[in-house]
Amino acid sequence: MTYVRWSQCLLPTWKEDPGEADLPSHKLMLRAGLIRPLAAGIYTYLPLGWRALRKVEAIVREEMEAIGGCELHMPVVHPADLWAKTGRLEDFGPQLVRFLDRAGREMVLGPTHEEVVTDIARKEIQSWRQLPLMLYQIQTKFRDEPRSRGGLVRVREFTMKDGYSFHESFADLDAYYPKVYEAYRRIFSRCGLAALAVEADPGLMGGSGSHEFILPNPFGEDTVVTCASCGYAANLEWASTRWEEEREPLLPREEVATPGCTTIRDVARFLAVPESKTAKAVFYKGEQGLIFVVIRGDLEVNEAKLARVTGCADLGRASEEEIAEVGAVPGYASPVGLKDPRVKVLVDRSVETKRNLVAGANKEGFHLRNVNFPRDFPAQWVGDVATVRDGDPCPRCGSALQVQRGIELGHIFKLGTKYSQALGATFLDREGQAQPLVMGCYGIGIGRLLAAVIEAHHDEQGIRWPLALAPFQVVVAVLDPKREDQVQAGASLAQGLASGGWEVLVDDRERSPGEKFHDAKLVGIPLLVVVGPRSLQRGQVDLERREDGLRRTVELSTPAVREAVKELLATAGC
RNA sequence: CGGGGCGUGGCGCAGCUGGAAGCGCGCCUGCUUUGGGAGCAGGAGGUCGCUGGUUCAAAUCCAGUCGCCCCGACCA
């Protein structure tokens with residue numbers, strides 16, 4: 001082991017915040033010289049960032065190996081016909097980068113590797129005796145995202161740990177899945193992150209069960225719903241709430257004039273009823289036509305939930321013309337008396353459980369009082385498509401739910417046989433019968449995880465690496481590199497620490513002491529050792545801990561400094 | 001893809017009612033300095049994103065285009 005000299009490594013720092021960045025982690029990764037942009041959502045990792053990234057990878061590898069994972073490495077470039085077989089050549093859409101090779105064969109850049117790993121499994125797994133098997137890799141993915149954002153939070157080219165498990169039965173997958181879940185918890189915890197594990201929508205991946213690991217963060221792109229009392233936690237696209245059945249007697253339906261009231265707010269105010277006593281119409285356009293969603297006036301439709309209930313993958317809001325075309329009056333649309341067979345009605349639980357609501361009359365300037373489902377109109381679907389709000393009752397225990405933003409760090413899925421069936425990946429079971437492999441898949445965005453670590457571990461002066469992820473544990477600042485005694489002392493000290501197993505960076509740049517102190521804090525090395533004239537004349541060096549500024553002066557000797565470093569880092573909270 | 005913003009030395013920005021491209025930081029050289037982002041002196045570095053137009057004259061006005069950022073849509 002040796003040490004790294006700052007002057008001989010590309011470790012640039014910036015004094016000022018970059019104009020392009022908003023997120024703390026994005027600003028700090030640029031200022032501390034971890035990353036540099038090449039194009040939108042495409043970054044170079046500079047040496048310091050790369051070291052930190054490799055620390056994250058090391059933790060991920062250890063935990064994957066601990067649950068029996070075997071690392072392999074699959075290609076970035078895949079033949080498109082493999083993707084055509086699972087239907088995802090179309091499903092992935094423009095996110096999937098496609099191109100032709102010189103022979104005119106269509107190729108794609110891998111956005112994920114279910115197809116390739118299943119192809120491997122199809123060829124290599126023949127017997128139940130080879131199962132279960134967990135394969136994983138840490139590898140570059142490319143997804144041509146419509147919008148990258150937030151530095152490493154959402155990028156187009158990124159490093160992902162993706163793991164795939166193969167089982168002889170759903171029961172075996174069910175038994176294995178919790179091990180991955182626990183491994184993920186350990187990974188995030190070792191990275192110093194209090195990640196939430198939430199129930200999630202399997203979405204495009206398909207499959208029967210799924211959890212996301214989310215770091216609560218105001219800049220996060222995901223929204224999670226949690227219950228402090230019972231521990232319920234779900235992605236907003238999956239979360240539900242509890243509906244109390246209203247008990248009041250059904251009243252006769254009546255038409256009332258509501259001139260000029262085209263919004264729920266207008267109607268509720270005009271008729272002096274709360275918005276929760278109204279039903280509104282929201283129109284969507286799906287593959288099989290128009291969908292008329294009837295939902296309580298004070299609630300919003302969640303499109304992911306709507307897609308699941310209706311089975312429509314491609315949903316969009318319908319235009320006014322499309323609404324009018326089926327005989328509905330925009331602003332006064334009503335499920336009552338709707339006749340056009342092209343429209344399918346979906347009743348949200350919020351309306352199913354309510355009584356005597358105000359709804360449109362499908363007539364300009366009129367609404368209906370005391371509308372009740374199913375007395376007054378039929379529906380193709382009844383389901384939960386409402387967006388959960390902060391304070392809504394928990395579906396399990398009824399306590400108030402919290403809604404917060406977060407960064408998705410990892411996602412695990414029970415895939416089932418979607419890919420093995422599509423690609424014909426079968427094995428012979430204990431009875432000698434060919435069966436499709438049962439699969440799970442498990443992803444972690446490594447770069448995003450690194451960004452999340454910085455989101456959680458920084459202060460106004462810079463990054464504060466957790467010890468396990470610090471690119472170096474110790475930085476030795478030689479205050480005046482023109483003075484031979486300081487250079488010598490710094491070098492021998494650094495060598496002594498390095499041979500003791502620490503990763504050491506020596507700041508031997510010709511900079512003022514102030515800059516070195518500031519940069520040490522900016523790049524976030526857990527421990528700073530100062531070799532300067534003041535202490536050196538007494539045969540001493542000064543140590544300063546990043547996380548709390550704790551300082552200590554010790555004798556300039558390898559054993560003494562090693563001892564002090566060990567103690568200061570061992571007692572650190574990071 | 002819709003909405004908004006921004007493209008001027010490496011970084012952060014000013015200049016924009018048209019008329020000699022500037023400031024701070026950084027960088028280079030020299031001297032002084034050296035324990036919390038030093039001082040002085042000298043210096044290098046810019047087709048003002050690109051293309052076209054208007055004009056005697058364009059960083060500045062107009063049109064188009066490309067790029068980047070933010071919000072939304074989208075999204076393992």
Side-chain angles (χ1 to χ4, degrees), chain A residues 12-23 26-27 30-31 33 36-42 88 91-96 110-114 141 143-151 153-156 158 160-164 200-207 210-214 219 221-223 235 237-238 303-304 307 313-317 408-415 440-445 448 461-462 477-483 486 509-522 528-537 540-542 544 549 551 553:
Chain A
T13 57
W14 291 344
K15 199 185 280 189
E16 292 171 286
D17 271 340
E20 70 196 66
D22 276 339
L23 264 77
H26 189 193
K27 288 182 191 171
L30 290 167
R31 282 189 59 200
R36 288 291 180 264
L38 178 64
I42 301 178
R88 289 210 298 182
D91 291 352
F92 247 93
Q95 270 200 59
L96 185 66
T112 175
H113 282 73
E114 282 77 18
K141 313 286 187 204
R143 294 182 191 175
D144 199 358
E145 298 279 353
R147 180 155 96 85
S148 54
R149 58 181 294 271
V153 167
R154 180 161 219 86
V155 289
R156 296 193 294 168
F158 58 103
M160 175 185 248
K161 187 288 294 176
D162 45 326
Y164 308 89
D201 183 355
L204 190 55
M205 303 300 300
S210 169
H211 288 84
E212 283 177 352
F213 293 81
I214 304 268
F219 293 98
E221 302 183 278
D222 288 75
T223 306
N235 188 294
E237 297 180 346
W238 191 256
E303 290 185 20
D314 200 15
L315 281 169
R317 291 291 281 263
E408 179 186 345
L409 304 174
H411 201 156
I412 61 178
F413 302 83
K414 292 182 186 176
L415 281 182
C441 81
Y442 318 94
I444 293 178
R448 185 186 280 181
Q461 304 193 86
V478 176
L479 292 191
D480 186 355
K482 289 197 187 122
R483 286 189 47 175
Q486 289 184 33
R509 297 173 300 169
E510 297 202 6
R511 302 294 186 104
S512 70
E515 279 182 274
K516 295 183 182 184
F517 294 134
H518 278 271
D519 277 349
K521 288 188 169 122
L522 176 61
L528 168 68
V529 178
V530 182
V531 179
R534 205 172 68 194
S535 298
L536 204 56
Q537 66 178 0
Q540 295 174 324
V541 292
D542 305 289
E544 182 176 332
R551 294 183 193 187
T553 297

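Not measured: the values here are computed from a predicted model. What you see below is based on every heavy atom in this structure, not just the backbone, and it leaves out hydrogens, waters and symmetry mates. Letters A, B, ... mirror the listed sequences (proteins, then strands); counts begin at 1.
- Computed from coordinates, the A:L96 CG to B:C75 P distance equals 15 Å when rounded to whole Å.
- A gap of 44 Å separates the C1' atoms of B:U55 and B:A41, to the nearest Å.
- Minimum heavy-atom separation, A:H26 to A:A21: ND1-CB, 3.4 Å.
- Nucleotides B:U8 and B:G49 have their C1' atoms positioned 10 Å apart, rounded to a whole Å.
- Atom CG in A:L30 sits roughly 15 Å away from atom P in B:C68 (whole-Å rounding).
- Taking a pair to require two hydrogen-bonding distances under 3.5 Å in either a Watson-Crick or a G-U wobble arrangement, B:C48 remains unpaired.
- Put simply, the side chain of A:R36 reaches to within 4.5 Å of the side chain of A:L30, judged on heavy atoms.
- Exactly one residue among A:V478, A:T553, A:L479 makes a side-chain contact (heavy atoms from CB on, under 4.5 Å) with A:V530. That residue is A:L479.
- For the P atoms, the distance linking B:C23 with B:G46 amounts to 15 Å, nearest Å.
- Scored by the salt bridge (Lys or Arg N to Asp or Glu O under 4.0 Å) test, A:E515 finds A:R511 as partners (sequence neighbours excluded).
- Nucleotide B:G35: unpaired (no Watson-Crick or G-U wobble partner with both distances less than 3.5 Å).
- Here the separation of B:C69 from B:A57, taken at their C1' atoms, is 34 Å to the nearest Å.
- Atom C1' of nucleotide B:C75 and atom CG of A:N235 are separated by 11 Å, given to the nearest angstrom.
- Figure legend. B:G2 is base-paired to B:C71; pairs are counted as Watson-Crick or G-U wobble with both atom distances under 3.5 Å.
- In this view, A:N235 and A:E212 satisfy the side-chain hydrogen bond (donor to acceptor under 3.5 Å, both in side chains) rule, not counting sequence neighbours.
- Between A:G19 and A:H411, the residue anchored nearer the 5' end of RNA chain B, judged by the nucleotide with its closest heavy atom, is A:G19.
- Across all non-hydrogen atoms, the minimal contact from A:K516 to A:R509 is NZ-O, 2.6 Å.
- Using a 4.5 Å cut-off on side-chain heavy atoms (C-beta onward), A:P18 and A:R31 make contact.
- Following rounding to the nearest Å, A:D144 (CG) and B:C1 (C1') show an atom-to-atom distance of 13 Å.
- A heavy-atom distance below 4.5 Å is not found between the side chains of A:Q95 and A:P111.
- Comparing the same atom, C1', in B:A21 and in B:G45 gives a spacing of 13 Å after rounding to whole Å.
- For the C1' atom pair drawn from B:C48 and B:A14, the interatomic distance equals 13 Å after rounding to whole Å.
- Side-chain atoms of A:I412 and A:F213, non-hydrogen and from C-beta on, do get closer than 4.5 Å to each other.
- When rounded to the nearest whole Å, the span between CD of A:E145 and P of B:C75 equals 10 Å.
- Partners of A:R154 by side-chain contact (heavy atoms from CB on, under 4.5 Å), not counting sequence neighbours, listed by chain and number: A:E145, A:R149, A:E221, A:R448.
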Distances for protein N or O near nucleotides 70-73 of chain B N or O, under 3.5 Å:
residue: B:C70; atom: OP1; partner: A:G150; partner atom: N; Å: 3.2
residue: B:C71; atom: OP1; partner: A:R149; partner atom: NH2; Å: 3.3
residue: B:C71; atom: OP2; partner: A:R147; partner atom: NH1; Å: 3.2
residue: B:C71; atom: OP2; partner: A:R147; partner atom: NH2; Å: 2.8
residue: B:C71; atom: OP2; partner: A:R149; partner atom: NE; Å: 3.2

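- Base pairing annotation: B:G12 forms a Watson-Crick or G-U wobble pair with B:C23, both donor-acceptor distances under 3.5 Å.
- If you take atom P in B:G12 and the same atom in B:C68, they sit 15 Å apart, rounded to whole Å.
- Checked against side-chain hydrogen bond (donor to acceptor under 3.5 Å, both in side chains), A:H113 has the following partners two or more places apart in sequence or in another chain: A:H78, A:Q137, A:K141.
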Protein within reach of the bases, or only the backbone? For nucleotides 31-38 of chain B, mark each nucleotide 5' to 3' as B, S or -, using heavy atoms under 4.0 Å. --BBBBBS

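- In this structure, B:C40 and B:G30 make a Watson-Crick or G-U wobble pair, each of the two defining distances being under 3.5 angstrom.
- B:A58 and B:U17 have their C1' atoms separated by 14 Å, with the value rounded to a whole Å.
- In this structure, NZ of A:K27 is placed 15 Å from P of B:C69, rounded to the nearest angstrom.
- Look at B:G7: its Watson-Crick or wobble partner, with both distances under 3.5 angstrom, is B:C66.
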